[in-house]
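Labels below follow one simple rule: chain letters A, B, ... track the order of the sequence lines, proteins then strands, and each chain is numbered from 1. No experiment lies behind these values; they were computed from the predicted model shown.
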Amino acid sequence: MTPLLQVKDIEKRYGTRIGCSGVSFDLYPGEVMGIVGESGSGKSTLLNCLAGHLEPDAGQVIFDTRADGPVDTVTMSEPERRMLGRTDWAFVHQHARDGLRMSVSAGGNIGERLMAVGDCHYGQIRDRAIDWLGRVEIDGSRVDDRPTAFSGGMQQRLQIARNLVTGPRLVFMDEPTGGLDVSVQARLLDLLRGLVREMGLSAIIVTHDLAVVRLLADRLMVMKDGYVVEAGLTDQVLDDPQHAYTQLLVSSVLQV
Amino acid sequence: MSEYNFAYLDEQTKRMIRRAILKGLAVPGYQVPFASREMPMPYGWGTGGVQVSAATLTPDDTFKVIDQGADDTTNAVSIRKFFENTAGVETTEETEKASLIQTRHRIPEAKLREDQIIVYQVPIPEPLRFLEPRETETRKMHSLEEYGLMHVKLYEDISQHGAISTSYAYPVKVSGRYVMDPSPIPKFDNPKLEMDAIQLFGAGREQRIYAVPPHTKVVSLDFEDYPFEATKADHPCDLCGAEDSYLDEVITDDAGSRMFVCSDTDYCRCRREAGHTGRMTKDVAA
Amino acid sequence: MIELIGVNKSFTLHNQGSAVIPVMEGATLRVSPGECVALTGASGAGKSTLMRVIYGNYLAASGQVLVGGLDVAQAEPRQILALRRDTLGYVSQFLRVVPRVPTLEVVAEPLLAIGTEKQAALDRAAALLARLNIPERLWQLSPTTFSGGEQQRVNIARGFAHTYPAMLLDEPTASLDAQNRDIVLSLIERAKERGAAIVGIFHDVEARNRVCDREIDVSGFTPGKAA
């Protein structure tokens, strides 16, 4: 089986400071990988390098494209990379307002990716938007409301619908449950898990919440100061951490 | 006269603007940046159009200016006077006789010819601006032909109003490539954008010039199930009886009486001189 | 089916003066298909640790942990994930689920994961829940609110939903009444009949005697004692 994503020796520097360095891993279809670490550990820098938002200083991000098989997305042309970003890739931001158009209705937000790849039948676009609202547990009657009228949890679910409507194969998520109430988080996690399984999605989730990765991620990478200090099966890394930092991280979680 | 260079602008500036115009004609619909000059009128009064006209005028030209179709409104009169004073060119109100027409918000009803040039005044040249405020991003979207956002705007129209309610500055795709704002003309005029004359667009404040060469394909964006429609008030002109012209609605008293008249004053005058009558003119005759 | 050869396990506590605590040394055992082996030994002797090493939850320091031909001690994460999905089931003492997911779906999940058609998976889950006496009115609720005994039975239903060729059972009959214990034990017997290799921890001697073919005292693997 070909990995969906092969990451090889990614490095990003900010001047002399290291954003992230020497990161390599393979992600296979259907796998969910979590990246944890404290603020400033380089996990968001890494995610942005992988998703094409930042240009890494070194390394390769090889994606198994539908048309041409494995291609290094770092060196591919910008139009090709942006096309990937609208079709096979999706990016869920921590703050829904970074990932949504707040002045556009829910239906328009979901429909944008469809229209971006050439759909121009209003009725069909709208039907798919309503279908997706249902899948992320938002009532179809809200299709013409703007996201500003939605709660934080609904905005985040809308952002997910907007991203998944074109049937991507790889989803990048940056703290998808950050800033949400615990009960809303649980609902979102449940939803994400269901969607990941139903659609056979692969996902890379950056978070500092170990409970989130335990429930969502098959595999885990622990980052500190720009480097990966430990990687492995999620439950193995959390239950039998090998590295000093991971042990500290795991033991720092408050038990409820 | 001797105080000014011909048509107000100095020759270097005109050359710079002409280069931008030629580039615009070579890449239909593409917004060419140019070093817009301060003009002796405020932004919003046609500073872009005036500069394009100044760079295009020759002493042999006959110049016509319309504002919302009319030759006799403040804006039209001022600009016509401006070029009478600074270029000394002949001016006219007759579309037929003009070789250069500067317009704000209309295309004349009479079919334009290959030997004519029409210059549009443009307030905001970027059709993507309302949904994407970043200039860097909109330029990238043009260069990569990422125009999905344009349809988002039309989608919003239909979802909120049941139909595409954008009625002016209706976006078009030029020559199958660039999406362009045709300036705030009513969408009734959109089909006329495929014409025999040269069309030049000038935005002074935004410092952009773009163009549509003669016989270029110009398609109004739409949805398969909500096709583009060139709409107008469902009335004949009350003065000349024309049923094919774009109309202005005029309130005539405090009791809500109203009349519909051609917005193109020259077109209306020509028809009346040819003996056509409308609802109001019939009353007068009777 | 399950074979351990000279497995050592220690914990290094980096944040407590890098203390190294050896917990298992030279663990060796072999379980054949259709066989059930009970791990015995005093509390803290390392029964659960051994189970976790087999499941890949704890990383073996050295030695081989072969399950269905795969060395869990050396395998890539995705190989272990595939092993857990298809081959190796684990019924732990604790139910860990996403809040809000209905019990029926919690139980059906292992079947959905291997691609069973949804209705068939739900039917099988319903049959198991009924068998384990979970009232039908609870099936659409999340098990997080259930009593300990109910959670334990949901956990067992989930563990037995897919017919794994190898299974790990951590106190499957704890906190169950006699009737439900009997049902669980017969589920285990059924699994043995179809050829599952089972490693279990049973504090309940009666249960152990009924389903287990052999006992292995893990104190034999306690460091320092083994020699």
**Q** Taking side chain as everything from C-beta outward and backbone as N, CA, C, O, which of these in Glu145(B) sits under 4.5 Å from a heavy atom of chain A? Side chain, backbone, both or neither.
**A** neither

**Q** Should the heavy atoms of other residues, nucleotides or ligands under 6.0 Å from CG of Asp234(B) be counted, would the total exceed 12?
**A** no

**Q** Which residues in residues 136-171 of chain A have any heavy atom closer than 4.5 Å to a heavy atom of chain B?
**A** Val143(A), Asp144(A), Arg146(A)

**Q** For Arg101(A) versus Leu149(B), what's the shortest heavy-atom pair and its separation?
**A**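 For Arg101(A) and Leu149(B), the tightest heavy-atom pair comes out as NE-CD1, 3.3 Å.
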
**Q** In Å and rounded to the nearest 0.5 Å, what is the CE to CZ distance from Met141(B) to Arg82(A)?
**A** 7.0 Å

**Q** Which atom names give the shortest non-hydrogen contact between Asp225(B) and Gly123(A), and what distance separates them?
**A**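 The pair with the smallest heavy-atom distance is OD2-N, 2.6 Å.
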
**Q** Please check if atom NZ in Lys232(B) has more than 12 non-hydrogen atoms from other residues, nucleotides or ligands closer than 6.0 Å.
**A** yes

**Q** Taking everything shown except Arg129(B) itself, do over 12 heavy atoms lie less than 6.0 Å from its CZ?
**A**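 Correct, the count exceeds 12.
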
**Q** Minimum heavy-atom separation for Val152(B) and Met115(A), please, with both atom names.
**A** N-SD, 3.6 Å

**Q** Which atom pair, heavy atoms only, marks the closest approach of Tyr155(B) to Gly108(A)?
**A** CE2-N, 3.2 Å

**Q** What part of Arg86(A) lies closer than 4.5 angstrom to a heavy atom of chain B: side chain, backbone, both or neither?
**A** side chain

**Q** I need the residue from Gln160(B), Glu224(B), Lys153(B) with the largest number of non-hydrogen atom pairs under 4.5 Å to chain A.
**A**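 The candidate making the most pairs under 4.5 Å is Glu224(B).
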
**Q** Other residues, nucleotides and ligands only: do more than 12 of their heavy atoms fall within 6.0 Å of CZ on Arg97(A)?
**A**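 No, the 6.0 Å shell around CZ holds no more than 12 heavy atoms from other groups.
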
**Q** Hey, does the side chain of Glu156(B) reach the backbone of Ser105(A) with a donor-acceptor pair shorter than 3.5 angstrom?
**A** yes

**Q** What is the distance from atom CZ of Arg81(A) to atom CG of Leu144(B), rounded to the nearest 0.5 Å?
**A**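 One finds 10.5 Å between CZ of Arg81(A) and CG of Leu144(B).
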
**Q** Which of parallel (below 30°), tilted (30 to 60°) and perpendicular (above 60°) describes Tyr226(B) and Tyr122(A)?
**A** perpendicular

**Q** When you compare the side chain of Phe223(B) with that of Ile125(A), does any pair of heavy atoms fall below 4.5 Å?
**A** yes

**Q** About how many Å separate CD of Glu112(A) and CG of Leu131(B), when rounded to the nearest 0.5 Å?
**A**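 It is 8.0 Å, given to the nearest 0.5 Å.
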
